[in-house]
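So the structure is just underneath, and the comments pick up after that.
Chain A is the first sequence line, chain B the second, and so forth, proteins listed ahead of strands; every chain is numbered from 1. What you see is a predicted model, and the numbers here were worked out from it, not measured in a lab.
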Amino acid sequence: MKIVIINYGAGNIQSIKFAIKRLGFEAVLTDNVTEILAADKVIFPGVGEASSAMSKLRASGLDALIPTLKQPVLGICLGMQLMCNASEEGNTTGLGIFNVDVVKFSNKVKVPQIGWNEISNLKTDLFNGIKENSHIYMVHSFYAPISNETIATSNYDVDYSAALQKNNFYGTQFHPEKSSEVGEQILRNFLKL
Amino acid sequence: MLTKRIIPCLDIKNGRTVKGINFVDLRDAGDPVELAEIYARTGADELVFLDISATEERRKTLADLVLRVAEKVNIPFTVGGGISSVEDVDILLQNGADKVSINSSAVKNPQLINDLAAKFGSQCVVVAIDAKNIDGNWVVHLVGGKVPTELNLFDWAKEVEERGAGEILFTSMDNDGTKDGFANEALARLSTELNIPIIASGGAGTMQHFTDTFKEGKADAALAASVFHFKEIEIKDLKEELKTNGIPVRL
């Protein structure tokens, strides 16, 4: 199986590579269009700020490529948020895969949310073998509200999307690569899609 | 519901853990990676590695260690100790650290907080603050609490938040090493005045101390070293007790 991680200068790629390696596979970091198109699975990572991340994607043309991919794609954290229509963070448009706008948590709660929260209302094979209310690791200040593409929910300030799915595109707000055994199972499920 | 975090802290010197660590099941008590794996398996929510080496090669040794930890450990970890530039942080994050913790370098050059937050995002910038209560005034100290500054804990914490820190790790020098409990009054004030997560550090001795720091101290996370390293408290037992006391934890 050929697994690629899209390289556009987003941080903490190493943890994803190692998490895939612990599952017995190798992931290649690349921004090469041919290589991405030829992959069986594509991981779209992201840590940092939305509008500058979108600028990097536009500069490399990856913003046009990603929505056309046909194989299973997993956006993680900011990766998931960039797959949405738009984000309040830096008031940027997104890749428009998920039909929802990313917004900021209110100041009624501490921002960023950092730590282990629960995921519920789990749908799709991505969550095979995962119990309702399992704990996963979240680090974020912005969130995707609940939509008809929501396949897992969480609660902080409000109920929001812990994961989204549309056709071959999946996104998790949480970090499966940092979410202990639960995260490993979710990554394993993704690789089986 | 977001859970309260339990964070063991490992002191590192030249790539090895320091302080006697009483783990009979460890093959090599000085190997931080093996210890980190055990903590990850037994319920730690995060790990902090605090580098206290003072050698020329320390940067490279620490970067290598981070890479080895990231390879084996499936929970988040923070690295601190002697980090003073954007370049230092870049290497550590590239090698797989989730967050970095800065202390003295932030006091000496507060702009570093802004620079790190802008380049890497607030979520990976932890500012550690050591303070002592001197006649009712919480004074920020440097060099492990040896050198007093002009800064007041609450003013500095507020500034740190405004500059873009994602979290504050507050160690009370009065409580550290006493095993008499955390500095809950100061912690509660930090938690109320600031809108970023606060990690309590210094003073853990019993399981009740953790309950107290989450309830009275309003802490978001609690960090400890020796009570975990010497197995005076098992993390799993601690979390069971916290749950019994109505505190949300990941079990």
In terms of heavy-atom proximity below 4.5 Å to chain A, should [X] be classed as side chain, backbone, both, or neither?
| X | value |
| --- | --- |
| D90(B) | neither |
| S122(B) | neither |
| R5(B) | side chain |
| K99(B) | side chain |
| A118(B) | neither |

Roughly how far, to the nearest 0.5 Å, is [atom2] of [Y] from [atom1] of [X]?
| X | Y | atom1 | atom2 | value |
| --- | --- | --- | --- | --- |
| I114(A) | D220(B) | CD1 | CG | 8.5 Å |
| K110(A) | I196(B) | NZ | CD1 | 8.5 Å |
| S180(A) | R41(B) | OG | CZ | 10.5 Å |

**Item:** Test side chain to side chain contact (heavy atoms under 4.5 Å, CB included) applied to L93(B) and Q14(A), step by step
**Value:** CA-CA 8 Å; L93(B) 296 181; Q14(A) 199 63 59; over 6 Å; no
Does [atom1] in [X] sit with more than 12 non-hydrogen atoms of other residues, nucleotides or ligands closer than 6.0 Å?
| X | atom1 | result |
| --- | --- | --- |
| K236(B) | NZ | no |
| E193(B) | CD | yes |
| R22(A) | CZ | yes |
| K158(B) | NZ | yes |
| M1(A) | CE | yes |

**Message:** Can you give me the closest heavy-atom contact between S15(A) and G96(B), atom names plus distance?
**Reply:**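 Minimum heavy-atom contact is OG-O, 3.3 Å.
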**Prompt:** Where do P197(B) and P112(A) come nearest, in terms of heavy atoms and distance?
**Reply:**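 Smallest heavy-atom distance, with atoms named: CG-O, 3.6 Å.
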**Request:** Show your reasoning for whether side chain to side chain contact (heavy atoms under 4.5 Å, CB included) applies to Q94(B) and I13(A).
**Result:** CA-CA 7 Å; Q94(B) 271 186 39; I13(A) 309 298; over 6 Å; no
**Asked** Non-hydrogen atoms of chain B under 4.5 Å away: do they reach the side chain of S179(A), the backbone, both or neither?
**Response**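 It is the backbone, since no side chain atom gets that close.
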**Item:** Contact class of E118(A) relative to chain B, heavy atoms under 4.5 angstrom
**Value:**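 Both backbone and side chain.
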**Request:** Starting from the C-alpha separation in whole Å, work towards a yes-or-no answer on side chain to side chain contact (heavy atoms under 4.5 Å, CB included) for F18(A) and L67(B).
**Result:** CA-CA 10 Å; F18(A) 282 141; L67(B) 197 62; 3.9 Å; yes
**Asked** If you count heavy-atom pairs under 4.5 Å between each of E71(B), E46(B), Q123(B) and chain A, which one has the most?
**Response** E71(B)
**Message:** As an exercise: rank G121(B), S191(B), P76(B), A40(B) by heavy-atom pairs under 4.5 Å with chain A and give me the winner.
**Reply:** P76(B)
**Asked** Do N74(B) and E181(A) have a side chain donor and acceptor closer than 3.5 Å?
**Response** no
**Asked** Got L2(B) and Q113(A) here, is their nearest side-chain heavy-atom distance under 4.5 Å?
**Response**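 Heavy-atom side-chain distance check passes, below 4.5 Å.
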**Asked** Does the side chain of K178(A) come within less than 4.5 Å of I75(B)'s, by heavy atoms?
**Response**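 Side chain of I75(B) against side chain of K178(A), heavy atoms only: no contact under 4.5 Å found.
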**Request:** Applying side chain to side chain contact (heavy atoms under 4.5 Å, CB included), run through H135(A) and D45(B) and close with a yes or a no.
**Result:** CA-CA 10 Å; H135(A) 288 102; D45(B) 294 308; over 6 Å; no
